[in-house]
Amino acid sequence: MTLYQRLRQTQQAARSAGVDALFVTPGPDLRYLVGYDAVALERLTCLVIPADAEPVLVLPALEVLAARASGLEEQGVSLLPWQETEDPWALVAGLVAGAACVAVDDRMWAVQALRARRALPAAEQVAAGTILQDLRMVKDPGEVAALTAAGSAIDWVHAQVPDLLRPGRTEREVGADIAELILEAGHSQVDFVIVASGPNGASPHHAVSDRILQLHDAVVVDIGGTMPSGYCSDCTRTYALGDPDSEFRDHYAALQQAQSRAVDAVLPGRTCASIDAVARDYLTQAGLGESFIHRTGHGIGLETHEDPYIVAGNDRALQPGMAFSVEPGFYFADRFGARIEDIVVCTADGVEVLNQRPRDLLCV
Ligand code: ZN
Ligand code: ZN
Ligand code: ZN
């Protein structure tokens, strides 16, 4: 799909939602719609997309050259620069005079959203995410290719993790090495590095600490970055230093089963909730239900966490092109934890897995 088509689809979706205009500020939505990777700053940059008129980018005059370089004028977007002493929200309001309902970007700074309200006091404000997430959630082949490249890049990093895990090193030292490898693998940015050893593994979003790796530790390594395309990687493997205890080994075997069953269950028409249930029911039967303390997965694209969320209660049906993580885990406070995470894409007849590293417990 071309960016031009994305803009047209957005306008169509706005019309059916009864929204007169969208205000899209720098962030993943702006990048998705017009390919402009602008930085959110205190000076307003705002793509105004009226439901029934051509889109206009209101931007600081000093950003015009940067915006032009992104090629957005070729998609029919015109530029409306504002000078330092002008009120940019007055310009925006002038473009959508009479609007009864405007959708503001989910990532718009609160201070700007409040100014938007003041500039258009009669207009109802809604979150643009309700319109844009539906479009962003279903990836086109170009986006799937970008996510596939991100998956290969993070696989390349995981392939080297065993060499970095040595008793006596700290999580922080290992994490620093991993961060370098994430960039070396072709990412333009390191998004997060989790090296959760021993009892730290029980905290799913532990980052790194000065804890020294010890023999018999299980180590949860969950890492991701953003590629120059803007698309993100996110992959978890759990490693063991020497032989882990037999209880951990049994739990891990159940986790591996739960993860692969949930991946295999991905099919168009099945609900997000049903994929979560496959992993959760299996772990519950194995006595680990209480220890699986988070949802099974999240969508991924220009953001690491985006729709669709693979969670109980989400009755959204999977469609070909949806990309998301399948990442069950178990967590025992003060003892250990484990997680296995792959990014998958729902295809016309099943699933494509974008991470290829072995999922067996790797003892280093
Ligand atoms: Zn997470
Ligand atoms: Zn992750
Ligand atoms: Zn994840």
Side-chain angles (χ1 to χ4, degrees), residues 28 133 136-137 139 143-144 146-161 171 174-175 178-179 181-182 185 187 189-197 200-208 218-227 230-239 252 255-256 258-260 262-263 266 272 275-276 278-280 283 292-312 314 318 322-331 337-346 351-359 361-362:
Q133 286 295 347
R136 282 179 46 191
M137 200 166 17
K139 271 69 185 176
E143 294 181 283
V144 172
L147 284 168
T148 304
S152 307
I154 210 68
D155 281 358
W156 181 85
V157 179
H158 264 298
Q160 298 172 77
V161 167
E171 292 175 352
V174 173
I178 289 174
L181 290 170
I182 288 175
H187 296 88
Q189 183 183 306
V190 179
D191 292 333
F192 58 91
V193 176
I194 296 174
V195 181
S197 66
N200 290 339
S203 170
H205 277 177
H206 175 80
V208 293
V219 187
V220 180
V221 177
D222 185 354
I223 52 180
T226 302
M227 298 291 280
Y231 287 80
C232 300
S233 64
D234 182 6
C235 182
T236 310
R237 290 294 182 264
T238 299
Y239 302 88
Y252 189 89
L255 176 64
Q256 202 177 343
Q259 200 264 353
S260 81
V263 169
V266 172
C272 293
I275 305 303
D276 179 79
V278 170
R280 202 164 301 279
L283 287 174
F292 177 21
I293 56 174
H294 55 71
R295 64 190 176 211
T296 291
H298 53 84
I300 188 167
L302 290 167
E303 290 175 276
T304 308
H305 287 190
E306 58 181 49
D307 279 319
Y309 292 99
I310 309 302
V311 62
N314 185 0
L318 295 179
M322 285 183 178
F324 51 89
S325 70
V326 177
E327 51 174 311
F330 60 79
Y331 308 92
R339 180 164 64 257
I340 303 171
E341 174 179 27
D342 290 315
I343 303 303
V344 305
V345 180
C346 182
V351 64
E352 191 187 340
V353 183
L354 303 188
N355 297 108
Q356 312 297 345
R357 294 296 304 158
R359 291 159 200 92
L361 185 62
L362 193 75

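All ligand and atom numbering here is 1-based and tracks the order in the structure.
- Distance check for H305 against the Zn ion (ligand 3): none of its N/O/S atoms falls below 2.8 Å.
- Angle subtended at the Zn ion (ligand 2) by D234 OD1 and E341 OE1: 90°, rounded to 10 degrees.
- Take Y309 and apply the ring-ring contact (aromatic ring centres under 6.0 Å, His included) test, not counting sequence neighbours, and it matches no residue.
- In terms of distance to the Zn ion (ligand 3), the nearest N, O or S atom of E327 is named OE2.
- With H298 as the partner, the side-chain hydrogen bond (donor to acceptor under 3.5 Å, both in side chains) test is satisfied by one option alone out of E327, E306, E303: E327.
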### Task
Quick one: do H158 and D155 satisfy side chain to side chain contact (heavy atoms under 4.5 Å, CB included)? Show the steps, please.
CA-CA 5 Å; H158 264 298; D155 281 358; 5.5 Å; no

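- At distances below 3.5 Å, not a single donor-acceptor pair connects side-chain atoms of E341 with backbone N or O atoms of S325.
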